[in-house]
Peer 1: 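Shown below is the structure under consideration.
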Amino acid sequence: MSLVNIYGEFSCAKFLCPAYKYCMCGIVGYSGSQNAKAIVMDGLRTLEYRGYDSAGVALGGDRLKVFKTAGRVNALDAMLPAGGACHTAIGHTRWATHGKPNAVNAHPHLSYDKKIAVVHNGVLENCAELKSELAGKGISCVSETDSELLAHLLALEGGDMLEAVRRVGGKAKGSATFLAIREGDPAVYVFRKGASMLVAKGEYGSFAASDGLALARYVGTATVLQDDEYARITHDVCAIFKDGARIFKSSTPLRVSPPKECACHMRAEIDEIPAALERTYLKVSEALDDELADRVRRAKRVMLAGCGTAFHACRYGKLLLEQMAGICAEAVAASEADEGAPVDGDTLALFVTQSGETADTLLAMKRCAEGGAYTVAVTNVESSGAALAADKTLFLDAGAEVAVAATKSYCCQLLAVNMLARRVAGDILREEELKKLTNGAKECIARCELFEKRMLTDKLFLVGRGQDLVTAKEGALKLKEITYRQAEAYAAGELKHGPIALIDSESTVIALATREDCLPRMRATVSELRSRGAYVVGLSGAGDLGADKTVFLPSLEDVTLRPILCVLPLQELALCSSLCLGLDPDKPRNLAKSVTVI
Ligand code: M6R
């Protein structure tokens, strides 16, 4: 089975391929009658969320022209010559795993004779072997990358380029999905091994990209290459081959809309939360059935796993399953999942993942499936690896999320697990309750009251209990991720067992309270913090906390839904702080949207 989504295709074979763990780049190629440079640059802008350490393009023609730089696609854009008609080009945007993110290591890489340029997504496991083979022929590398070897190997093969691509691709071990162009040749050559690759024929030429998002502006359908398939794409044909013979494959609709151009994706994604919640409500209502609810009730062990923000959604889900349905559940960070007791056929394991391609989550899922567990994916990408591998999927339909910091997907994950817990408890979320939630979300987003300049500090703390501790942790993660400032979340009751030693008059504490029954204990915590000199801001959906200042959430009867509102001012705080510090909230340093390394 092959499906196309914004991340390209994910087959079960890829799920099991150890090499895919290294792929965190975006590659794109075009050959046709239009301006190839513009099309490839447009593709790189769309794919940049997959990695933004460095970027480069190679423009075809009688002589190849390569431009590459450390940093963003905009920096690359600035160094490109204006004009310069060219009808063949390839490009690459990189999240470095091997070699520093500098211009030399950036792709494309040129062959020793400068006649072939290559962009590569993956890692060559037989790099040392290939390097010494080339060294034996007097060819040495100028970069620290394994990818450069592919260009030299193609040049050494000589002769028919398509055959050279087949041979070099076959020789490469590990993950070797690459595009190549050759001087004086209008075609883009494509090879897939390990990392996803889509090719498509449009009215004005042919396209190749590692991610369907980069194609969606130009074509409505694309063909997903499988491992060891390769292609020659030109203005007129998009010919696919395997083992030396042409093959004919059907194309699949690209069910994706590329995100609109905007100054700040995180801003747009927060603004979209009320609408995204409505879509999630509809999709999850359709998918939730008695069978799933029964399975959760009958399972001897219920495990929820995810990474980062998705892990926080798991912690919330665990609390709700316990509090609403009386089901004992555990929430684990997917990267730590194999540290616990092995799962068996009596386990129900639920995996929360926006992208559906997080390597730690997929690995945990694979291990659970091997142990016989029933697996459920809660994901925003309908045809992602997680969705394809799971026994059951709850699709969020939050819409493409490209800002690295997860915002709308988190709120939708909370709603989905809330609806699941209710169903397990024999209840449902009614439309009127959803309406109150989305109205509350709109009000929260419009207000934006939490930010204060003194919060741009490394001494920021967030405290809460139960579901509010989960929100505090998510808020702290968001702040760290896009402001690079230290923000720590603690269980309110744990402060006096150690962390309160950190508190002084320089400290700012955000105290969260969305449950009335927590108010007395939270008030005590706030008083302890204030008496040690901290400036305390309450974020409350339950009542006054006796803080220096309190931001009140819109009223919402259902206590279990209040965390969906409570996280919004924290997302806004992180965004405002990041902008105030002059940072780019959409592309924070050292991170990429989908973490496909373990
Ligand atoms: O795509 P996933 O939900 O599996 O991603 C998991 C984490 O990498 C992700 O939530 C990460 O923590 C976010 N960037 C946080 O904003």
Side-chain angles (χ1 to χ4, degrees), residues 5-7 10 15 21 23-24 49-52 95 211 265-266 269-270 273 276 280 304-317 331-337 350-366 375-390 393-396 398-414 416-417 470-471 473-484 487 489 567-568 570-575 577-578 583-598:
N5 61 64
I6 60 169
Y7 301 106
F10 194 107
F15 185 82
K21 65 189 177 186
C23 308
M24 286 182 66
Y49 76 116
R50 298 181 71 94
Y52 37 84
W95 189 91
D211 184 319
H265 285 290
M266 186 175 171
E269 286 160 10
I270 292 175
I273 286 171
T280 297
L304 297 93
C307 294
T309 288
F311 171 48
H312 297 148
C314 292
R315 294 182 68 156
Y316 168 81
V332 292
S335 56
E336 291 276 305
L350 183 133
F351 297 89
V352 181
T353 165
Q354 187 282 131
S355 63
E357 66 170 332
T358 298
D360 286 318
T361 307
L362 292 178
L363 190 60
M365 192 185 228
K366 175 176 176 270
T375 57
V376 182
V378 177
T379 181
N380 195 31
V381 182
E382 206 174 4
S383 47
S384 60
L388 290 183
T393 296
L394 299 181
F395 172 49
L396 298 176
E401 187 179 69
V402 297
V404 165
T407 53
K408 63 175 175 172
S409 65
Y410 179 64
C411 294
C412 294
Q413 288 163 357
L414 296 190
V417 292
V470 175
T471 311
K473 292 213 172 270
E474 173 58 10
L477 174 68
K478 218 90 305 180
L479 283 156
K480 283 180 197 146
E481 203 175 14
I482 62 170
T483 70
Y484 320 149
V567 76
L568 299 175
L570 298 173
Q571 293 175 349
E572 293 280 358
L573 170 66
L575 176 59
S577 304
S578 177
L583 301 171
D584 177 355
D586 285 349
K587 296 189 180 76
R589 71 185 182 200
N590 305 338
L591 294 169
K593 182 67 178 167
S594 298
V595 183
T596 52
V597 290
I598 52 177

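One-based numbering, in listed order, for ligands and for the atoms of each. Remember, predicted model here, so these are calculated numbers, not experimental data.
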Peer 1: Under 3.5 Å, is there a donor-acceptor pair between the side chain of Y484 and the main chain of S578?
Peer 2: no
Peer 1: Quick one: does F311's side chain get under 4.5 Å of V470's, heavy atoms only?
Peer 2: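 F311 does not reach V470 side chain to side chain.
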Peer 1: Write 'none' if nothing qualifies; otherwise put on separate lines each N/O atom of ligand 1 with a protein N/O atom under 3.5 Å away and their distance to 0.1 Å.
Peer 2:
| from | atom 1 | to | atom 2 | distance (Å) |
| --- | --- | --- | --- | --- |
| ligand 1 | 1 (O) | S355 | N | 2.8 |
| ligand 1 | 1 (O) | S355 | OG | 2.6 |
| ligand 1 | 1 (O) | T358 | OG1 | 3.3 |
| ligand 1 | 3 (O) | Q354 | N | 2.6 |
| ligand 1 | 4 (O) | T353 | OG1 | 2.6 |
| ligand 1 | 4 (O) | T358 | OG1 | 2.4 |
| ligand 1 | 5 (O) | T358 | OG1 | 3.3 |
| ligand 1 | 10 (O) | T309 | N | 3.2 |
| ligand 1 | 12 (O) | T309 | N | 3.3 |
| ligand 1 | 14 (N) | V404 | O | 2.8 |
| ligand 1 | 14 (N) | E481 | OE2 | 2.5 |
| ligand 1 | 16 (O) | T309 | OG1 | 3.3 |
| ligand 1 | 16 (O) | A406 | N | 2.8 |
| ligand 1 | 16 (O) | K478 | NZ | 2.8 |
| ligand 1 | 16 (O) | E481 | OE1 | 2.7 |
| ligand 1 | 16 (O) | E481 | OE2 | 3.1 |

Peer 1: To the nearest 0.5 Å, what is the distance between CG on L479 and CD on Q571?
Peer 2: 10.5 Å
Peer 1: Nearest 0.5 Å, what's the SG-CD1 distance between C411 and I270?
Peer 2: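 With rounding to 0.5 Å, SG (C411) is 8.5 Å from CD1 (I270).
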Peer 1: Of all heavy-atom pairs between S577 and T483, which one has the smallest distance, and what is that distance?
Peer 2: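 Where S577 meets T483 most closely, the heavy atoms are CB-CG2, 3.5 Å.
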Peer 1: My understanding is that only one of K593, H265, K408 makes a side-chain hydrogen bond (donor to acceptor under 3.5 Å, both in side chains) with E401; could you say which?
Peer 2: K593
